Protein chains: 2
Amino acid sequence: MFLGRYAYTVDEKGRLTIPARFREALTGDVVITRGLDRCLTVYPAEVWQELAAKVNALPITDPRGRSLRRLLFAEAESVKLDRHGRVLLSEWLRKYAELTPSAGAIIVGLDRFLEIWNPTRWEAENAHQIAMMEEDPALWETLHL
Amino acid sequence: MFLGRYAYTVDEKGRLTIPARFREALTGDVVITRGLDRCLTVYPAEVWQELAAKVNALPITDPRGRSLRRLLFAEAESVKLDRHGRVLLSEWLRKYAELTPSAGAIIVGLDRFLEIWNPTRWEAENAHQIAMMEEDPALWETLHL
DNA sequence: ATGCTTGTGGGTAAAAGTGGGGTGAAATGG
DNA sequence: CCATTTCACCCCACTTTTACCCACAAGCAT
């Protein structure tokens, strides 16, 4: 269960530390790929398998299915954490999510997977989220206990 | 079943004592997140699971689903009580709910979960509740209990 | 009164975060 | 096919933060 929002640095080599409390669930292979909204997504192997299966089930005749396939699979990387719990992000992925040493990175726990954000982009997204909820309070209904 | 209102202090390290009578129901993981009206909410693990399951059911391709997911999970923290029944609140959550060592905190039992309030905000909210009830009793009819 | 439980504060040892250097393997070019 | 270079991986070292432990103080009940 990944929860919370953490600020970390990206070093000159393109390495990013994963929060210590998440590492236990990321011992094996980890898949990093492009996410929607210009962030990166990080999946434990099992969760990735599930997601891949769902995408593979989409008919190849659906243009949206083809796009989603390319978005997820084309730039995906299977990596392992190093001894200090860091992952090496390819230059391509770093560029996609605008991750630089000076800007740093925000790691967000989303229950079953993680997202990696450029901090200023995350702030903007956050403001956007709040605005959307205020505009459309009915969305909160989903949360009724 | 959480009931009652209790006053506690927040120490310099950001720790907050949970009332002793509540601890029995909070032995495992506890999830703390921001609530509406600038308070924090505290959920036992089982109650949180219910919430999380509902949000996870939303597809990632729906922009509103993504926003809701990020709102709920990103600002939540999974914590354990320490040996003395205290939780450590992140700086971010403390700032959101205006919790400082000098102000202290009010813990409110709300049956299935708890709320944590800045004392003066709680008083204002309390007065607001009563005023609303007295001014326009008809408002409450819609709840038809 | 006197134990016991609860609330509060602080100190310390361990772990986490960050950066840099060396080594071997793969890639590139002649 | 060989020489050179680049890059990823592993190791080490330093700094900061976290979490655990203990000690004291203040009720409450016996």
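Since we're looking at a predicted model, the values are computed, not measured. Quick note on labels: first sequence line is chain A, next is B, and so on, each numbered from 1.
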* Structure fact -> side-chain hydrogen bond (donor to acceptor under 3.5 Å, both in side chains) test vs B/Arg70 passes for just one of A/Gln129, A/His128, A/Glu115, namely A/Glu115
* Shared ILVMFWY cluster between A/Met1 and B/Leu93, side chains joined below 4.5 angstrom? -> no
* Structure fact -> Of all heavy-atom pairs linking B/Pro59 and B/Arg69, the shortest is C-NH2, 4.4 Å
* **Gap between atoms CG and P, on A/Leu89 and D/dA8 respectively (whole Å)** => 11 Å
* Indicate whether any N or O donor in one side chain lies under 3.5 Å from an N or O acceptor in the other, for B/Arg86 and B/Tyr8. => no
* Which letter, B, S or -, goes with each nucleotide of nucleotides 5-18 of chain C from 5' to 3', with contact meaning a protein heavy atom under 4.0 Å? -> -SSBBBB----SSB
* **Heavy-atom donor-acceptor pair, A/Asn126 side chain to A/Trp122 backbone, under 3.5 Å** => no
* Measure from CG on B/Leu16 to C1' on D/dA19 and round the result to the nearest Å. => 17 Å
* Asked: Between C/dG19 atom P and A/Leu88 atom CG, what is the distance in whole Å?
  -> 15 Å
* **Strand contacts (DNA chain D) in residues 96-104 of chain A, 4.0 angstrom heavy-atom criterion** => none
* What is the ring orientation for A/Phe22 with A/Tyr6, classed by angle as parallel under 30°, tilted 30 to 60°, or perpendicular over 60°? -> perpendicular
* Using distance alone, with no hydrogens and no angle criterion, decide if B/Glu77 and B/Ser90 have a side-chain donor and acceptor under 3.5 Å apart. => yes
* Asked: Among side-chain atoms of A/Glu46 and A/Trp48, is any donor-acceptor pair under 3.5 angstrom?
  -> no
